[in-house]
Amino acid sequence: MSDTDFTGKNVLVVGGSSGIGNGVAQCFRSRGANVEVWGTRASADDYDPEDGSDLSGLHYRQVDVGDPDAIASAESGLPTLDVLVLSQGIVAYKKAEFEREGWDRVMSVNLDSLIHCCEKFKDTLATQKGSIIIISSVSGIRANIGNPAYAASKAGAISLTKTLGQAYARDGIRVNGIAPGLVDTKLTKVTTDHPDRLKGALRSIPLRRVGQPEEIAGGVLFLASPLASYVCGQTLFVDGGMTL
């Protein structure tokens with residue numbers, strides 16, 4: 001059995017219905033894991049494959065993680081939990097994040113829900129000596145024009161990864177994170193679907209290309225595997241060199 005074989009392991013990917021989270025979920029499934037994903041729509045059938053959603057072989061559950069009460073009352077269909085991946089994330093454009101409603105909504109989903117999910121599953125993860133991986137962003141360490149809540153929430157996610165890494169280690173839970181750069185998802189179409197914007201973005205990426213969800217998943221697999229058994233509280237930047 002290889003170090004990245006997750007046969008018999010139970011994995012929950014919050015925000016696993018599309019984009020990076022979906023790539024992560026399918027990567028774990030392809031390595032034998034029993035995978036549940038949380039999303040916002042009523043059923044798996046409500047997701048369009050054209051938007052990067054592949055829910056085949058995954059267990060789907062509707063949970064609005066922007067609502068703390070919804071998190072608290074949600075029931076996972078998994079018998080135990082070995083890996084918790086927190087990939088939820090939204091962004092509000094057209095300066096909506098400068099307004100109270102936009103700010104509050106982005107922060108509730110991108111940051112507040114992280115601690116609520118971690119605390120909800122802490123006991124079962126401790127029993128399994130499991131792992132938590134928090135997906136943040138390169139925006140957590142740099143300015144993000146027009147999106148103050150998104151940038152602040154991702155900076156908070158990186159800081160939370162450090163603090164929970166320290167706090168949960170005593171329970172045998174490793175907490176680490178991934179900070180993606182520009183990845184080809186529905187969330188980044190505001191850049192990738194506009195040639196001039198994309199050309200400008202690629203100039204800042206040494207590898208000169210956009211990342212794919214499965215490439216982010218590789219980093220998640222590493223952090224969740226025995227290969228990273230002594231890695232705690234760290235955020236791995238998977239960005240094609242964008243932050244160099």
Side-chain angles (χ1 to χ4, degrees), residues 4 13-28 37 51-54 83-93 97 106-107 109-111 113-114 131-162 165 175-225 227-228 231 233-244:
T4 55
V13 182
V14 180
S17 54
S18 62
I20 289 173
N22 191 239
V24 170
Q26 287 294 352
C27 199
F28 273 109
V37 300
D51 290 331
S53 296
D54 177 9
V83 181
L84 173 63
V85 181
L86 299 176
S87 185
Q88 62 265 43
I90 60 172
V91 62
Y93 294 113
E97 292 180 13
V106 170
M107 294 298 284
V109 173
N110 292 11
L111 182 57
S113 69
L114 300 179
S131 178
I132 298 172
I133 294 94
I134 294 174
I135 308 297
S136 57
S137 168
V138 296
S139 292
I141 63 166
R142 57 193 294 178
N144 192 315
I145 299 173
N147 296 104
Y150 185 82
S153 68
K154 295 304 182 179
I158 293 171
S159 180
L160 186 64
T161 299
K162 297 176 183 179
V175 182
N176 290 291
I178 295 285
L182 182 60
V183 179
D184 188 16
T185 69
K186 181 174 62 176
L187 204 66
T188 61
K189 285 187 180 297
V190 66
T191 297
T192 58
D193 280 359
H194 296 80
D196 290 341
R197 292 180 187 173
L198 179 59
K199 184 178 180 180
L202 292 180
R203 281 199 294 267
S204 68
I205 303 173
L207 289 185
R208 294 293 190 269
R209 65 177 178 83
V210 176
Q212 298 300 317
E214 55 268 25
E215 292 179 301
I216 308 304
V220 175
L221 284 175
F222 163 69
L223 291 174
S225 78
L227 293 171
V231 182
Q234 303 302 307
T235 292
L236 174 65
F237 282 74
V238 186
D239 62 358
M242 178 186 286
T243 52
L244 296 176

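From a predicted model like this one, the values you see are computed outputs, not experimental measurements. Numbers here are sequence positions counted from 1.
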- Task: Indicate the atoms forming the closest heavy-atom contact of Val37 with Ser17, along with that distance.
- Result: CB-N, 4.4 Å

- What's the shortest heavy-atom distance between Leu223 and Gly177, and which atoms? CD1-O, 3.4 Å

- Any idea which heavy atoms bring Ala228 and Phe222 closest together, and the distance? CB-O, 3.2 Å

- Task: Over all heavy atoms of both residues, which pair between Ala157 and Ser136 is shortest? Give the atoms and the distance, please.
- Result: CB-CB, 3.9 Å

- Message: Regarding Gln234 and Asn176, do their side chains bring together a donor and an acceptor under 3.5 Å, going by distance alone?
- Response: no

Let me check something: any side-chain donor-acceptor pairs from residues 196-205 under 3.5 Å, sequence neighbours excluded? List them with distances.
from: Arg197; atom 1: NH1; to: Val190; atom 2: O; distance (Å): 2.7
from: Ser204; atom 1: OG; to: Ala201; atom 2: O; distance (Å): 2.7

- Would you find a donor on one side and an acceptor on the other, under 3.5 Å apart, between the side chain of Ser159 and the backbone of Gly156? no

- Task: Using atom types as modelled and distance alone, determine if a side-chain donor or acceptor of Asp239 lies under 3.5 Å from a backbone N or O of Leu182.
- Result: no

- Query: What distance separates Leu114 CG from Ile134 CD1, expressed to the nearest 0.5 Å?
  - Reply: 5.5 Å

- Item | Residues which pass side-chain hydrogen bond (donor to acceptor under 3.5 Å, both in side chains) with Ser18, listed by chain and number, not counting sequence neighbours | none

- Message: Under a 3.5 Å distance rule, please check whether Glu214 uses its side chain to pair with a backbone N or O of Gly23 as donor and acceptor.
- Response: no

- Task: Quick one: list whatever passes side-chain contact (heavy atoms from CB on, under 4.5 Å) with Thr185, sequence neighbours left out.
- Result: Ile20, Val183, Leu187, Thr188, Pro213

- Locate the shortest heavy-atom distance separating Gly219 from Ile178; write the atom from each residue and the value. C-CD1, 3.7 Å

- Task: Would you sort out whether Val85 and Val14 count as a side-chain contact (heavy atoms from CB on, under 4.5 Å), showing the intermediate values?
- Result: CA-CA 6 Å; Val85 181; Val14 180; over 6 Å; no

- Are side-chain heavy atoms of Ile135 and Val220 found at a separation under 4.5 Å? yes

- Note on the structure: side-chain hydrogen bond (donor to acceptor under 3.5 Å, both in side chains) filter on Asn110, not counting sequence neighbours, yields Ser153

- Message: Under the criterion side-chain contact (heavy atoms from CB on, under 4.5 Å), I'd like the reasoning laid out for Met107 against Glu97: C-alpha separation, chi angles, the key distance, then a yes or no.
- Response: CA-CA 9 Å; Met107 294 298 284; Glu97 292 180 13; over 6 Å; no

- Message: If the condition is side-chain hydrogen bond (donor to acceptor under 3.5 Å, both in side chains), which residues does Asp184 pass it with, not counting sequence neighbours?
- Response: none

- Message: Minimum heavy-atom separation for Ile158 and Ser137, please, with both atom names.
- Response: CD1-O, 4.0 Å

- Item | Ser113: side-chain hydrogen bond (donor to acceptor under 3.5 Å, both in side chains) partners, not counting sequence neighbours | Gln88

